[in-house]
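Chain A is the first sequence line, chain B the second, and so forth, proteins listed ahead of strands; every chain is numbered from 1.
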Number of protein chains: 2
Amino acid sequence: MTDQSWDPYERDCPTRQLLDRIGDRWTVLIIGALGDGPLRFGELSRRVDGVSQKMLTQTLRALERDGLVTRTLYPQVPPRVEYELTQAGRTLQGPLGALDDWARTHMVGVLAAREAYDLSV
Amino acid sequence: MTDQSWDPYERDCPTRQLLDRIGDRWTVLIIGALGDGPLRFGELSRRVDGVSQKMLTQTLRALERDGLVTRTLYPQVPPRVEYELTQAGRTLQGPLGALDDWARTHMVGVLAAREAYDLSV
DNA sequence: CCGAATCCTGCGCGATACTG
DNA sequence: CAGTATCGCGCAGGATTCGG
């Protein structure tokens with residue numbers, strides 16, 4: 001063994017792969033919105049304020065592709081589609097919830113630090 | 001009170017603010033790299049594989065501005081600068097570590113689901 | 001109601017070159 | 001070693017329009 005105790009962030013490490021996947025503006029918010037149970041397309045777009053139809057569709061497709069969300073089409077007219085977290089998707093709720101808690105606790109301080117810094121410049 | 005149990009993701013909620021802040025390719029990796037203790041600029045750029053000088057500087061400045069990282073200049077030649085997590089910055093290690101653990105456990109499955117999905121299309 | 005397809009723009013970010 | 005300055009492209013993603 002070497003004395004290298006730190007495993008560096010290589011380009012293809014799991015952390016990077018996850019970041020590439022959820023590191024956009026909408027994925028985390030959509031997973032959060034689905035946390036309470038299945039939602040229809042329209043309900044989702046209302047809960048995630050400001051998301052465009054295109055990005056909502058695109059993000060949901062990606063989540064479905066990765067096995068984190070299921071898409072269920074009820075063949076009726078008008079069409080009804082429901083999205084729901086899979087088992088795997090639900091395992092993300094914990095880590096994401098921790099981030100959410102951090103945000104509620106610390107973001108005020110961060111914003112204050114930012115203002116103070118700007119004044120000092 | 002209303003029967004509205006869900007607090008929607010308004011444009012300025014803490015979650016969104018945090019996401020706007022750490023939702024880029026480098027911030028999370030840099031905080032992770034600083035988790036073991038202070039590091040110099042050059043050490044950081046070696047640990048975070050692929051980060052450009054520009055993005056490393058830029059991200060570190062933003063972290064300093066938000067009170068998550070301190071920058072210490074040792075006036076000697078050649079110059080020596082060390083970056084270190086602040087108390088507030090260290091409180092992020094928990095939530096970020098949880099995400100990291102998730103990635104190590106589940107990303108393989110996600111990648112597999114993705115491949116399966118692509119084949120089925 | 002739920003999407004797909006197209007067009008168009010901003011700016012994130014990498015590459016490169018230069019300072020103290 | 002640790003930055004700053006400038007240029008330029010790629011592409012995420014918003015607006016809009018059309019289909020089932």
### Task
Write down the distance between CG (A:Asp49) and P (D:dG14), rounded to a whole number of angstrom.
12 Å

#### Entry: Contact summary for A:Tyr9 and B:Gly32, nearest pair of heavy atoms
OH-CA, 3.4 Å

### Query
Can you check the A:Arg46 CZ to C:dC1 C1' distance for me, whole Å?
11 Å

### Query
Hey, does the side chain of B:Tyr83 come within less than 4.0 Å of D:dG3's phosphate (OP1/OP2), counting only N and O?
yes

### Out of D:dC1, C:dC13, C:dC7, whichever nucleotide has its closest atom nearest the side chain of B:Pro79
D:dC1

### Query
To the nearest Å, how far apart are A:Gln53 CD and D:dT17 P?
13 Å

### Task
Identify which one of B:Thr91, B:Ile31, B:Ile30, B:Leu68 satisfies the side chain to side chain contact (heavy atoms under 4.5 Å, CB included) criterion when paired with B:Leu85.
B:Ile31

### Query
When the distance from CZ of A:Arg71 to C1' of C:dG3 is rounded to whole Å, what number comes out?
8 Å

### Query
Could you give the CD-to-P distance, from A:Glu82 to C:dC1, as a whole number of Å?
15 Å

### Query
After noting the C-alpha distance and the side-chain angles of B:Arg104 and B:Asp100, does the key distance pass the salt bridge (charged side-chain N to carboxylate O under 4.0 Å, His left out) rule?
CA-CA 6 Å; B:Arg104 292 182 206 287; B:Asp100 205 74; 2.6 Å; yes

### Task
Take atom CG of A:Leu44 and atom C1' of C:dG3, then tell me their distance rounded to the nearest Å.
14 Å

### First of A:Pro78 and A:Thr57 reached from the 5' end of DNA chain C, by closest nucleotide
A:Pro78

### Task
Give the rounded distance in Å between these two atoms: CZ of A:Arg61 and C1' of C:dA5.
14 Å

### Task
Indicate yes or no: at least one non-hydrogen side-chain atom of A:Tyr117 is less than 4.5 angstrom from one of B:Asp66.
no

### Interatomic distance, A:Tyr74 OH vs C:dG3 P [rounded to whole Å]
13 Å

### Message
What contact category does A:Gln58 fall into here, base, sugar-phosphate, or nothing, at under 4.0 angstrom with non-hydrogen atoms?
### Response
nothing

### Message
Does D:dA2 have its OP1 or OP2 closer than 4.0 Å to a side-chain nitrogen or oxygen of B:Arg40?
### Response
yes

